[in-house]
Amino acid sequence: MRLIADLHVHSKYSRATSRAMTLPVIAEWARIKGIDVVGTGDFTHPAHFAAIIDLLEPAEGGLYTLKEGKGEGPRFILTAEVSNIFSQGGRVRKMHSLLLAPSIEAVQKMNSALGRLGNIKSDGRPIFGFSAQDLLKIVLDASPEAMLIPAHAWTPWFSIFGSKSGFDSIDECFGDLAEHIRAIETGLSSNPEMNWRLSALDNITLISNSDAHSPSKLGREANVFDCAPSYNEITGIIRTKDAKRFLYTVEFYPEEGKYHYDGHRECGVLYSPEESKAADKVCPVCRKGLTVGVMSRVEELSDRPVGYKSPGAIPARQMVPLEEILSEAFEVGPASNKVQKEYRRLTTEAGSEFAILLDMDVAEIARLAGEKVALAVAKVRSGDIGITPGFDGEFGKIRIFGKAEEPRRTGPAQIRLF
Ligand SMILES: [Zn+2]
Ligand SMILES: [Zn+2]
């Protein structure tokens with residue numbers, strides 16, 4: 001069966017996360033989005049882990065379901081994210097890792113090991129001073145079936161390949177345990193195509209998740225598998241990069257991510273990788289170093305030209321969230337009443353957001369939502385849209401109708417748009 005899975009979410013116990021991110025609300029929104037398997041998030045946090053035990057019960061194949069859901073509704077997979085800040089090779093490194101666990105027992109083992117080494121209570125995404133390699137040891141000691149997946153692998157801060165405090169390779173980060181790293185999460189600011197330019201990633205599976213901090217952001221990226229709802233099947237597909245059963249990933253347009261291009265937000269400077277190189281990665285306004293985004297970093301580490309298709313690659317489908325599509329079609333803000341009301345009507349009638357974005361044909365969408373929304377979905381599916389790239393923590397901006405906007409800018413430098 002087709003399963004849509006979003007493996008990276010956060011609970012209300014993580015910093016800067018909505019108070020609404022509880023297991024029942026996550027389940028409710030997974031249903032609205034059309035997500036079949038969703039991460040619990042934050043299993044390292046004692047209060048959230050207590051809620052997992054209290055509110056969930058085992059379903060099939062090592063997955064869980066809400067007790068009050070009577071076996072219906074989305075399945076939960078035990079997940080967490082951990083931050084490691086440590087020194088390695090004479091430099092400070094900062095990275096985030098996504099953890100997947102096969103059972104409550106495995107989580108208990110991990111949590112008691114982690115609880116001895118640092119504070120797991122203060123943040124749903126705990127911070128430790130030991131290395132990512134040591135974290136991997138703890139994860140594998142708890143269960144050989146557990147997985148560590150470097151999270152949003154390219155963001156400048158807090159990622160394995162980040163320009164600020166990352167590594168140049170998986171081997172450099174994980175040493176003799178590197179063979180246990182079978183996948184990376186591409187993150188919102190990069191897409192699989194960009195990652196295909198690194199031959200070092202040919203045997204690594206690229207997964208995509210929302211990293212949602214609020215309910216409506218669930219599923220903005222996701223993985224689509226053809227398998228039974230089962231922890232071992234899902235992780236087996238990820239481990240072996242099984243292109244028969246990993247149908248595709250759902251991707252944000254990477255330009256829309258917060259760190260796609262280089263720049264300095266305070267000074268309104270946005271550069272493509274070439275422009276940034278020409279400026280020696282220095283802000284022309286304040287002379288501080290630019291925040292080097294994902295595109296430049298891929299450029300630095302890649303050994304293949306743009307457009308190269310890696311052998312055994314899993315396909316990807318670029319998407320724009322339905323709220324943004326409606327906002328464009330109606331020419332009002334995504335939080336407006338008009339968009340919110342129509343969002344609820346459409347997802348109810350179609351069954352879910354993914355039913356509209358991924359499955360429905362355009363004529364059917366036109367009948368349900370009108371010609372303009374149908375045209376917008378068609379344009380998003382074919383990539384016929386304008387985008388101002390995100391940079392230095394600022395999200396990119398999508399224009400489905402009309403051209404991309406000139407970004408706000410005070411600097412003297414010329415800025416070239418897509
Ligand atoms: Zn993270
Ligand atoms: Zn500046």
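For this chain, numbers begin at 1 and follow the sequence in order. Order of listing sets the numbers, starting from 1, for every ligand and every atom in it.
For H96, the N/O/S atom at the shortest distance from the Zn ion (ligand 1) is named ND1. Restricting E81 to its N, O or S atoms, the one at the least distance from the Zn ion (ligand 1) is OE2. Its N, O or S atom nearest to the Zn ion (ligand 2) is what matters here, and for H264 that atom is ND1.
For the side-chain hydrogen bond (donor to acceptor under 3.5 Å, both in side chains) criterion with D42, the lone passing option out of H48, R125, H10 is H10. The only option from N191, L206, V306, V298 that meets the side-chain contact (heavy atoms from CB on, under 4.5 Å) definition with W196 turns out to be L206.
Taking backbone and side-chain atoms together, H8 has no N/O/S atom less than 2.8 Å away from the Zn ion (ligand 1). Inclusion of D211 in the first shell of the Zn ion (ligand 1) is not supported: no N, O or S atom falls under 2.8 Å.
A cation-pi arrangement is present between R317 and Y248 under the rule of less than 6.0 angstrom and at most 45 degrees off the ring axis.
C267 contributes SG and C286 contributes SG; the angle these two atoms make at the Zn ion (ligand 2) is 110°, rounded to 10°.
Ion pair D359/R2 flagged as a salt bridge, since at least one NZ, NE, NH1 or NH2 atom sits closer than 4.0 Å to an Asp/Glu carboxylate oxygen.
The CD1 atom of I234 sits 5.5 Å away from atom CG of L63, with the distance rounded to the nearest 0.5 Å.
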